[in-house]
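Worksheet for the structure shown next.
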There are 2 protein chains.
Amino acid sequence: MSQVELDTSVGYLLKMASSSLHGAMEAVLRPLGMTITHYSCLELLSQRPGLSNSELARGTFVTRQSMNVLLQALERDGLVARPERAPSGRVLPTTLTPKGRRQLATASGAVRAVEDAMLTGMSAADQEQLRRLLRSCVAALKAPADTL
Amino acid sequence: MSQVELDTSVGYLLKMASSSLHGAMEAVLRPLGMTITHYSCLELLSQRPGLSNSELARGTFVTRQSMNVLLQALERDGLVARPERAPSGRVLPTTLTPKGRRQLATASGAVRAVEDAMLTGMSAADQEQLRRLLRSCVAALKAPADTL
DNA sequence: TGACTCATGTCAGCATACTGACATACCTTG
DNA sequence: CAAGGTATGTCAGTATGCTGACATGAGTCA
């Protein structure tokens, strides 16, 4: 599998890096009985309590239907809680339960270790560069009409 | 959705960028009746004719079982061809048919446009930086034992 | 040579995410 | 106030990818 042109494609490299990270995270989360979206949901709720189903979906890059299925499971398992009735509109603010917080704590360290491993051999300046360039990619894709 | 800590996480930004690219590619490929893996498979075969099922799977970051299902569909639709019997071992070298080459040609331009859009506002030096940093991420995740 | 290991192709079952659709609540705008 | 538009939560069905398992062929090594 000698690379011909793929190594020069930013898109392919982006997919490769994302896939590598995805695999590594899966590997550490599986023994804990968690999926990546499962973990991402708890992490997001930890940093922003009261997020709604749709907001969690956008924050974890899945549809609100998928997040709904996940939230029902998390609620059933007592990891998150949602009020019976919406305080306003149809939005149901979700919060972590103590059990959810505990599960997140065990996973958080493992995930952080993976990210640290990924950044091995990268200077602080390099990391900031990488963040900047990735943000640029996202911004450029968000407004495709502006480029014409 | 004001960002608190997520914007500083390279892992989260990587997932966000990858998700954005994935969505943009999906948007341009759907009208052509192609999925991303479908396109990636044809593109890979174009650049490296004769790749086996397992090699294609690794090159597109899916399992060989998933690639097998896709290849059967592509073969049924006359986009790729595989010999009846393996020339050596069990490996079946796959090649593009003229029809497959034509379909790839129409998709290739659209995908290239998406990647170009993503790199809008990024200097050549920036792009090379990004490639270098992404390759660093992949390499660091490939050998997690070395970091301990 | 024979046993062991490994990679491959493939079948089957399962999990996860997506699209389509609907009712509901808010928020404009005439 | 009525009407249209938008966002949300949720149910269903579908699709795509994954894990588990098995047989086959090639290379390795005692």
Side-chain angles (χ1 to χ4, degrees), chain A residues 1 15 18-20 22-27 29-42 44-45 50-77 80-95, chain B residues 1 15 18-20 22-27 29-31 33-42 45 50-77 80-95:
Chain A
M1 288 280 290
K15 187 171 178 178
S18 176
S19 175
S20 297
H22 192 274
M25 285 182 62
E26 228 169 23
L29 288 175
R30 180 184 303 275
L32 302 175
M34 304 174 68
T35 178
I36 294 188
T37 311
H38 177 141
Y39 158 77
S40 303
C41 179
L42 297 187
L44 209 48
L45 278 177
L51 244 45
S52 72
N53 175 33
S54 290
E55 289 170 320
L56 285 168
R58 283 191 289 268
T60 57
F61 314 106
V62 298
T63 63
R64 66 186 197 276
Q65 292 92 328
S66 298
M67 181 52 67
N68 191 22
V69 172
L70 174 61
L71 276 186
Q72 287 174 2
L74 294 181
E75 198 170 8
R76 173 176 47 76
D77 296 346
V80 306
R82 285 190 291 181
E84 277 295 323
R85 296 173 36 79
S88 164
R90 306 200 66 191
V91 179
L92 290 173
T94 312
T95 52
Chain B
M1 286 281 287
K15 187 170 178 180
S18 176
S19 174
S20 297
H22 192 276
M25 285 182 63
E26 227 170 24
L29 289 175
R30 179 183 304 276
M34 303 174 69
T35 178
I36 293 188
T37 312
H38 177 143
Y39 158 78
S40 302
C41 179
L42 297 186
L45 278 177
L51 244 45
S52 72
N53 175 32
S54 290
E55 289 170 319
L56 286 168
R58 284 192 289 269
T60 57
F61 314 106
V62 297
T63 63
R64 66 185 196 277
Q65 291 92 328
S66 298
M67 180 52 67
N68 191 22
V69 173
L70 174 61
L71 276 185
Q72 287 175 1
L74 295 181
E75 198 171 8
R76 174 175 47 76
D77 296 348
V80 307
R82 285 190 290 182
E84 277 295 323
R85 295 173 37 79
S88 164
R90 306 199 65 193
V91 179
L92 290 174
T94 312
T95 52

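Not measured: the values here are computed from a predicted model. Letters A, B, ... are given to chains in the order of the sequence lines, protein chains preceding strands, and every chain is numbered from 1. These values consider heavy atoms only, across backbone and side chains, with no hydrogens, waters or symmetry-generated copies.
Taking atom CG of B:L56 as the reference point, atom P of C:dT8 lies 11 Å away to the nearest angstrom. Here C:dT16 presents its C1' atom at 15 Å from CG of A:L71, a figure rounded to the nearest Å. Atoms CG (A:L70) and P (C:dT16) sit 9 Å apart, rounded to a whole Å. Between A:E26 atom CD and C:dA17 atom C1' there is a gap of 13 Å when expressed in whole angstrom units. We find that CG of B:N68 is positioned 14 Å from C1' of C:dA7, with the value rounded to whole Å. The nearest whole Å value for the distance from the NE2 atom in A:H22 to the C1' atom in C:dA17 is 11 Å. Atoms CZ (A:R30) and P (C:dC14) sit 17 Å apart, rounded to a whole Å. The nearest whole Å value for the distance from the CD atom in B:Q65 to the P atom in C:dG13 is 15 Å.
Across all non-hydrogen atoms, the minimal contact from B:G50 to B:T95 is N-CG2, 4.1 Å. Minimum interatomic distance between B:M34 and B:Y39 (heavy atoms only, all atoms of both residues): CE-CA, 3.7 Å. When all heavy atoms of B:T60 and B:S40 are compared, the pair lying nearest together is CG2-CB, 3.7 Å. In terms of heavy atoms, A:L71 sits closest to A:R82 at CD1-NH1, 3.8 Å. Closest approach of A:I36 to A:M25, counting heavy atoms only: CD1-CB, 3.9 Å. Annotation for B:P83 and B:L92: closest pair O-CD2, 3.6 Å, computed over non-hydrogen atoms.
Two residues, A:S52 and B:F61, neighbour DNA chain D, and the one matched to the more 5' nucleotide by heavy-atom proximity is A:S52. Looking at which nucleotide of DNA chain C each of A:S88 and A:V69 is closest to, the 5′-most match is held by A:V69.
Looking at heavy-atom distances under 4.0 Å, B:L92 makes contact with sugar-phosphate atoms alone, never a base. Note on B:S54: only backbone sugar-phosphate atoms sit closer than 4.0 angstrom, heavy atoms only; bases stay farther off. Note on B:R85: nothing from the nucleic acid sits closer than 4.0 angstrom, heavy atoms only. Contacts of A:T35 with the nucleic acid, taken as non-hydrogen atoms under 4.0 Å apart, are absent.
Judged by distance alone, the side chain of A:T94 and the main-chain N or O of A:L51 form a donor-acceptor pair under 3.5 Å. Side-chain atoms of A:T35 never come within 3.5 Å of backbone atoms of A:H38 as a donor-acceptor pair (strictly under, hydrogens ignored).
In this structure, the helix from C:dT1-D:dA30 to C:dG30-D:dC1 shows an angle of 30° between the axis at its start and the axis at its end, each fitted on 5 base pairs and rounded to 10°.
Think of the region where chain A sits on DNA chain D: with heavy atoms and a 4.0 Å cut, that region ends 5' and 3' at D:dT8 to D:dT19.
Remark: A:N53 CG to A:R58 CZ distance equals 9.5 Å, nearest 0.5 Å. Atoms CZ and CE, from B:R64 and B:M67 in turn, are 13.0 Å apart once rounded to the nearest 0.5 Å.
The side chain of A:S66 contributes no N or O atom lying less than 4.0 Å from OP1 or OP2 of C:dT16.
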